[in-house]
Amino acid sequence: MTEKTGELDLTPDQLLSTTRTVRKRLDLTRPVERKLLEECLDLALQAPTGGNLQGWHFVLVTNPEPKRAITDLYRKSKTKNDPQSTQDEHQKNMDSSAYLAEHLHEVPVLVIPCVEGRVENAPLLLQAVTWGSILPATWSFMLAARARGLGTAWTSLHLEYEKDVAEVLGIPFEEVMQVALIPVAHTIGTDFKSGMRIPTDERVHWDSW
Ligand SMILES: Cc1cc2nc3c(=O)[nH]c(=O)nc-3n(C[C@H](O)[C@H](O)[C@H](O)COP(=O)(O)O)c2cc1C
């Protein structure tokens, strides 16, 4: 494979295997150029959507005040949903996810991918089509970011307080669902390794389960 992607000159396979969850190596001191974000968003919107409906939206949060408000809600959710780990993490001098919770408001850009429709009570088919119409674009955004020397982390904890975050950002909650919160920053160093994963053959089923 010889084709290279983005400014880091990664091959597609390198890009796919080294796009990690970046928390402690987010550079909190360096601003992220708007042009880089726009390139990532243009690439993200090449992803497929059910019926090509393209009901996707991306809210980019850069101002300190809403970032602070969202961080407070994120931390509240972390304490509620992960109290034991939060405690242990502090004892261990702050592990990666506690570090992110501590510093979320300092991350240059928080990206919230959203999709039109609320499917909490919808049949499975509609749920799958709705989530499936924003998650590929979100991952494409993260891959495009990595190719440009930016780090990201898929997070979901703020969704415990989705309605409050919608109010902070003016997102029309009744019509639009938030699906994740992606901190974006330049990375400290650009070398990332493949993740530790369950072996493929333990998770792959050929022809039957
Ligand atoms: C659906 C989903 C939700 C996640 N939510 C959070 C989160 O709220 N906070 C967080 O710090 N990491 C979150 N993560 C990151 C995972 O913990 C991370 O992907 C996992 O540790 C693997 O990291 P790696 O790909 O770098 O090996 C989430 C990841 C996914 C895919």
Side-chain angles (χ1 to χ4, degrees), residues 4-12 14-47 54 56-75 77-78 94-115 134-159 161-162 165-166 168-171 176 178-193 195:
K4 304 288 172 104
T5 46
E7 66 178 30
L8 288 194
D9 233 16
L10 300 171
T11 65
Q14 286 169 335
L15 179 68
L16 289 168
S17 59
T18 65
T19 302
R20 303 257 62 78
T21 300
V22 184
R23 301 186 184 100
K24 287 188 169 180
R25 287 176 62 190
L26 295 169
D27 189 338
L28 304 176
T29 63
R30 183 173 165 194
V32 175
E33 302 81 346
R34 190 180 173 117
K35 185 175 172 295
L36 282 186
L37 294 164
E38 286 171 346
E39 286 175 12
C40 296
L41 291 163
D42 283 342
L43 289 165
L45 299 197
Q46 290 297 312
Q54 301 175 56
W56 41 30
H57 298 263
F58 289 81
V59 182
L60 280 76
V61 187
T62 59
N63 289 332
E65 222 171 286
K67 278 201 289 191
R68 174 57 85 176
I70 292 165
T71 300
D72 288 347
L73 294 163
Y74 183 96
R75 287 182 192 159
S77 171
K78 187 162 171 60
M94 250 198 248
D95 94 335
S96 176
S97 70
Y99 175 89
L100 181 65
E102 284 293 318
H103 293 277
L104 195 61
H105 60 292
E106 298 168 54
V107 179
V109 188
L110 305 179
V111 176
I112 301 188
C114 303
V115 63
I134 185 65
L135 304 188
T138 305
W139 184 238
S140 290
F141 173 86
M142 294 165 75
L143 291 170
R146 161 74 176 136
R148 285 159 180 74
L150 301 173
T152 59
W154 193 296
T155 81
S156 46
L157 278 170
H158 86 286
L159 294 172
Y161 300 105
E162 184 199 357
V165 173
V168 169
L169 298 173
I171 297 169
V176 171
Q178 299 165 51
V179 306
L181 186 157
I182 318 287
V184 184
H186 283 277
T187 54
I188 299 168
T190 55
D191 193 30
F192 289 85
K193 295 188 174 25

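The two residues L15 and A147 have their closest heavy-atom pair at CD1-N, 3.7 Å. Considering all non-hydrogen atoms of both residues, G189 and T187 come closest at O-OG1, 2.7 Å. Here the closest non-hydrogen pair linking A180 and L159 is N-CD1, 4.4 Å. For the residue pair A153 and V22, the shortest heavy atom distance occurs at CB-O, 3.5 Å. The two residues T71 and A101 have their closest heavy-atom pair at CG2-O, 3.8 Å. Residues E102 and R75 approach most closely at O-NH2, 2.8 Å, considering heavy atoms.
Using a 4.5 Å cut-off on side-chain heavy atoms (C-beta onward), V111 and V59 make no contact. Residues F58 and I134 meet the side-chain proximity criterion, which asks for heavy atoms closer than 4.5 Å. With contacts defined as side-chain heavy-atom distances shorter than 4.5 Å, the pair P113/V179 qualifies.
Under the rule for a salt bridge (Lys or Arg N to Asp or Glu O under 4.0 Å), the partners of K35 that lie at least two apart in sequence or sit in another chain are E39. H186 meets the side chain to side chain contact (heavy atoms under 4.5 Å, CB included) test with D27, R30, V32, E33, L36, L150; sequence neighbours excluded.
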Kindly indicate, with the supporting measurements, whether the criterion side-chain contact (heavy atoms from CB on, under 4.5 Å) is fulfilled by L41 and F141.
-> CA-CA 6 Å; L41 291 163; F141 173 86; 3.8 Å; yes
For L135 and W154, run side-chain contact (heavy atoms from CB on, under 4.5 Å): C-alpha distance rounded to whole Å, both residues' side-chain angles, the deciding distance at 0.1 Å, then the answer.
-> CA-CA 11 Å; L135 304 188; W154 193 296; 3.7 Å; yes
Could you walk me through whether T19 and W139 pass the side-chain contact (heavy atoms from CB on, under 4.5 Å) test, one step at a time?
-> CA-CA 10 Å; T19 302; W139 184 238; 3.8 Å; yes
Please lay out, stage by stage, how L100 and L26 fare under the test side-chain contact (heavy atoms from CB on, under 4.5 Å).
-> CA-CA 9 Å; L100 181 65; L26 295 169; 4.0 Å; yes
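For the atom pair I70 CD1 and H158 NE2, the distance stands at 7.0 Å (nearest 0.5 Å). To the nearest 0.5 Å, the span separating CZ on F192 from CZ on R25 amounts to 3.5 Å. Note: L110 CG to L104 CG = 5.0 Å, rounded to the nearest 0.5 Å. A distance of 9.0 Å separates CD1 in I182 from OG in S156, rounded to the nearest 0.5 Å. Taking CD1 of I171 as the reference point, atom CD of E162 lies at 8.0 Å (rounded to 0.5 Å). Put simply, CG on D72 and NZ on K67 are 13.5 Å apart, with the number rounded to the nearest 0.5 Å.
T155 contributes a side-chain N or O that, together with a main-chain N or O of L181, makes up a donor-acceptor pair within less than 3.5 Å. Panel note: side chain S77, backbone L73; no donor-acceptor pair is recorded below 3.5 Å. Not one N or O on the side chain of R148 forms a donor-acceptor pair closer than 3.5 Å with the backbone of E7. Judged by distance alone, with hydrogens and angles left aside, the side-chain atoms of R23 form no donor-acceptor pair with the main-chain N or O of Y99 at under 3.5 Å. Counting only distance, with no hydrogens or angles, the side chain of Q178 and the backbone of I112 share no donor-acceptor pair below 3.5 Å.
The one candidate from L8, L10, D9 that meets the side chain to side chain contact (heavy atoms under 4.5 Å, CB included) condition with T190 is L8.
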